[in-house]
Amino acid sequence: MKKQSRVYRAPLIIALSVALQMGLNASAASAENSSKTSDPLAAEYLGTRTVSNEALEDARQIAVNGKGATWSCASCHGEDGAGNSTAPRIAGLAPGYITKQLHDYENGARKNANMEYVVQELNEEQMLALGQYYGALESPSSASPDLGGDIRRGRQLAQQGDWRVEVPACFSCHGSSGWGVSQAFPAIAAQHPSYTAVQLSNWKSGRRSNSPVKLMHGVAMALSDADIRAVADYLATLPPPQHGNDNRAQAGN
Amino acid sequence: MNTHNENQQKSAATRMIYGVLGAVVLFVIGTLLYRYDVLAMLTDSYSEPSASQLESEAARKARQKLAEERKQWDESVTAKAPEQPTGRGGYYVPPAEADIPDDEFGDSVRRGREIFLNTGTNAGEFVGNGLACANCHLDSGRLEHAAPMWAAAVSYPAYRGKNKQINTMEDRVNGCFTYSMNAQDSEYGSAPPAGHQVYKDLESYFYWMADGLALNSSPPGQGYPTPPETELGYDWQRGEQVYADNCAVCHATDGQGRKDLNGRYIFPPLWGPHSFNWGAGMHRVNTAAGFIQANMPLGKRFSLSDQEAWDVAAYVMSFPRPADPRLSDTESVDETTDKFHQHKDYHGQTIRGIKLGEPLTEASWARFMEQNFGQEVR
């Protein structure tokens with residue numbers, strides 16, 4: 001039997017409080033997915049769209065300086081997109097994935113008061129361009145384990161899964177280094193544990209339900225709270241996604 | 001005086017007895033508190049054991065019980081014979097990876113496991129496609145209803161209708177390389193030669209995994225379950241939508257799988273030159289339907305209906321793939337169909353303008369992909 005001391009629980013309680021607060025702030029609009037959102041290939045379509053150089057420059061401006069009265073991406077996600085304990089890493093995540101999340105905040109399929117607010121300012125091309133801007137951005141990890149999770153258990157879940165409860169390895173979809181696969185499976189390596197844990201909890205509770213084929217729902221349902229802390233902490237120990245010289249050729253594959 | 005002394009001695013003895021009794025009582029209370037996590041409950045840090053912990057505890061106990069019963073049987077032949085270890089679901093429980101012995105045999109088991117997981121890396125010269133053993137035998141070959149290797153290990157030698165002879169485990173694995181791993185297109189050009197270390201190590205791994213299972217026991221969870229046949233039968237055209245809804249996000253619309261940034265296949269190719277050939281068991285619609293329903297999508301076992309499983313299996317198996325290696329022993333694709341494909345498959349049929357079973361060339365494959373998926377071969 002696992003016993004968790006109160007100290008180790010504190011970050012989880014904070015994380016859950018944040019989730020609760022976000023829940024209260026979020027609009028009561030139904031999470032019914034539009035046909036675009038529930039298409040399992042949505043991220044793939046978005047990831048293959050091209051944008052002009054002007055749009056990319058515009059995206060950089062939005063990322064760094066914000067737009068009109070709305071704050072910049074960097075003000076929460078950090079100048080290099082590496083995130084922190086209150087906002088996730090977005091640097092190096094697949095462009096199609098990022099753009100799809102922006103769409104989902106817009107159409108209510110994904111909930112977060114801050115993100116729902118900022119996407120109101122963005123048009124379609126800017127969402128595409130922001131995906132490409134952050135997808136190409138490489139930045140060192142700013143994450144470290146801080147939930148008191150069992151790192152060995154986390155490594156086991158990430159590398160081998162736990163088939164006794166029908167949990168496949170994280171890496172069997174998110175890539176052998178957790179750097180993501182194609183457009184639909186984002187990088188999870190070097191993600192901040194608070195973010196990973198809250199998202200897994202949200203999938204488990206059904207609050208977040210925008211993963212293709214609802215793949216994350218089944219996985220999260222089978223994870224205990226201790227497992228969620230374990231895997232979130234383990235992923236934070238990994239190096240962030242690096243594209244090498246030829247990222248698009250490989251990433252698009 | 002005497003009386004006084006006696007009284008004093010008596011009270012000292014009584015105190016000692018009370019003291020000892022008190023210590024015992026405290027000890028018992030302490031043990032109980034610890035045993036039932038009372039302290040944790042009082043401090044609100046108690047957590048119920050998770051399903052995974054319960055499963056893993058049951059598995060550990062089953063293996064431990066086997067070890068004890070073996071010891072008793074070894075010491076006395078009249079003791080109860082050891083029972084096969086089973087978990088909470090009733091399926092056989094293979095030994096834990098951590099229990100691979102630390103000796104020469106264990107080294108072979110570990111090498112076998114590495115070949116099984118990363119076949120293209122650790123037995124690369126005999127692999128002619130993008131697959132690995134563990135793509136179809138999930139959880140490193142341990143998962144029930146995913147053709148677990150513990151069940152295979154207690155099933156050979158056996159006579160196989162496929163090649164009409166007695167097959168040892170080596171012969172069986174030779175078949176896997178020949179067909180599922182498409183060894184004809186590998187660097188070596190065929191499956192590993194007889195007696196090769198690759199066989200020894202894989203066989204060690206399987207043997208170790210089946211330790212505790214009775215020979216020829218047809219254990220529950222072996223192979224893939226075949227879904228019951230449906231009234232509508234199977235139809236590859238109906239399967240296209242099932243594929244788009246459930247499979248394409250991982251295996252891609254063109255079925256060619258996806259690699260990660262390291263250039264490794266994360267989702268294996270399901271048809272075409274980098275997949276298994278027409279001789280592999282998986283090309284049969286019934287086998288594929290069973291595998292798919294019991295194991296796909298990953299993490300959503302048994303989520304497809306019987307009809308969906310049959311149709312999507314038919315869809316995947318209606319595409320071109322590397323030729324059946326036995327084609328070279330026959331006059332034509334049709335003769336190969338007559339001799340080797342009298343079962344539920346599409347070998348020899350013309351679908352999407354291509355006769356299935358004809359050897360694929362770079363040009364014919366490129367044309368096929370362009371016509372059907374409107375893209376260049378990747």
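So that the names make sense, note that chain A is the first sequence line, chain B the second, and so on, each numbered from 1.
- Contact of A:F171 with chain B is made through the backbone alone, with heavy-atom distances under 4.5 Å.
- A:L41 and B:R258 make their closest contact through CD2-NH2, 4.2 Å (heavy atoms, listed as atom of the first residue, atom of the second, distance).
- For the set A:A222, A:S176, A:S224, A:P212, the count of heavy-atom pairs under 4.5 angstrom toward chain B peaks at A:S176.
- The environment of CZ in A:R49 is sparse: at most 12 heavy-atom neighbours from other residues, nucleotides or ligands sit within 6.0 Å.
- Take A:D80 and apply the salt bridge (Lys or Arg N to Asp or Glu O under 4.0 Å) test, not counting sequence neighbours, and it matches no residue.
- No more than 12 heavy atoms of other residues, nucleotides or ligands shown are found within 6.0 angstrom of NZ on B:K61.
- B:K300 is listed as a side-chain neighbour of A:K214, based on a closest heavy-atom distance under 4.5 Å.
- Both the backbone and the side chain of A:V213 come within less than 4.5 Å of a heavy atom in chain B.
- Interface residues of residues 133-150 of chain B toward chain A, defined by a heavy-atom distance below 4.5 Å and sorted by number: B:L138, B:D139, B:L143.
- Contact count against chain B (heavy-atom pairs under 4.5 Å) is highest for A:C173 among A:G218, A:A184, A:C173.
- Annotation: side chain to side chain contact (heavy atoms under 4.5 Å, CB included) contacts of B:L54 (sequence neighbours excluded): B:P49, B:R88.
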Q: Could you check B:N262 against A:S177 for side-chain hydrogen bond (donor to acceptor under 3.5 Å, both in side chains), going step by step and ending with a plain yes or no?
A: CA-CA 8 Å; B:N262 302 322; A:S177 305; 2.9 Å; yes

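- Listed here is the closest heavy atom pair of B:L298 and A:S172: CD1-OG, 3.5 Å.
- The two residues A:L215 and B:P297 make their nearest non-hydrogen contact at CD2-CB, 3.9 Å.
- To the nearest 0.5 angstrom, A:E44 atom CD is 5.5 Å from B:T253 atom OG1.
- In this structure, B:Q53 CD and A:D162 CG are separated by 10.0 Å, a value rounded to the nearest 0.5 Å.
- Listed options B:G87, B:A59, B:S50, B:S56 were ranked by heavy-atom pairs under 4.5 angstrom with chain A; first place goes to B:S56.
- Within the 4.5 Å cutoff, no side-chain heavy atoms of B:R301 are placed close to those of A:P168.
- In this structure, the portion of B:E97 lying under 4.5 Å from any heavy atom of chain A is its side chain and not its backbone.
- Residues of residues 240-248 of chain B that come within less than 4.5 angstrom of chain A, heavy atom to heavy atom, are B:A244, B:D245, B:N246, B:A248 in numerical order.
- Pairing each heavy atom of B:K259 with each of A:V181, the nearest pair is O-CG1, 3.7 Å.
- Here A:W163 contributes atom CH2 and B:N295 contributes atom CG; the two are 7.0 Å apart, rounded to the nearest 0.5 Å.
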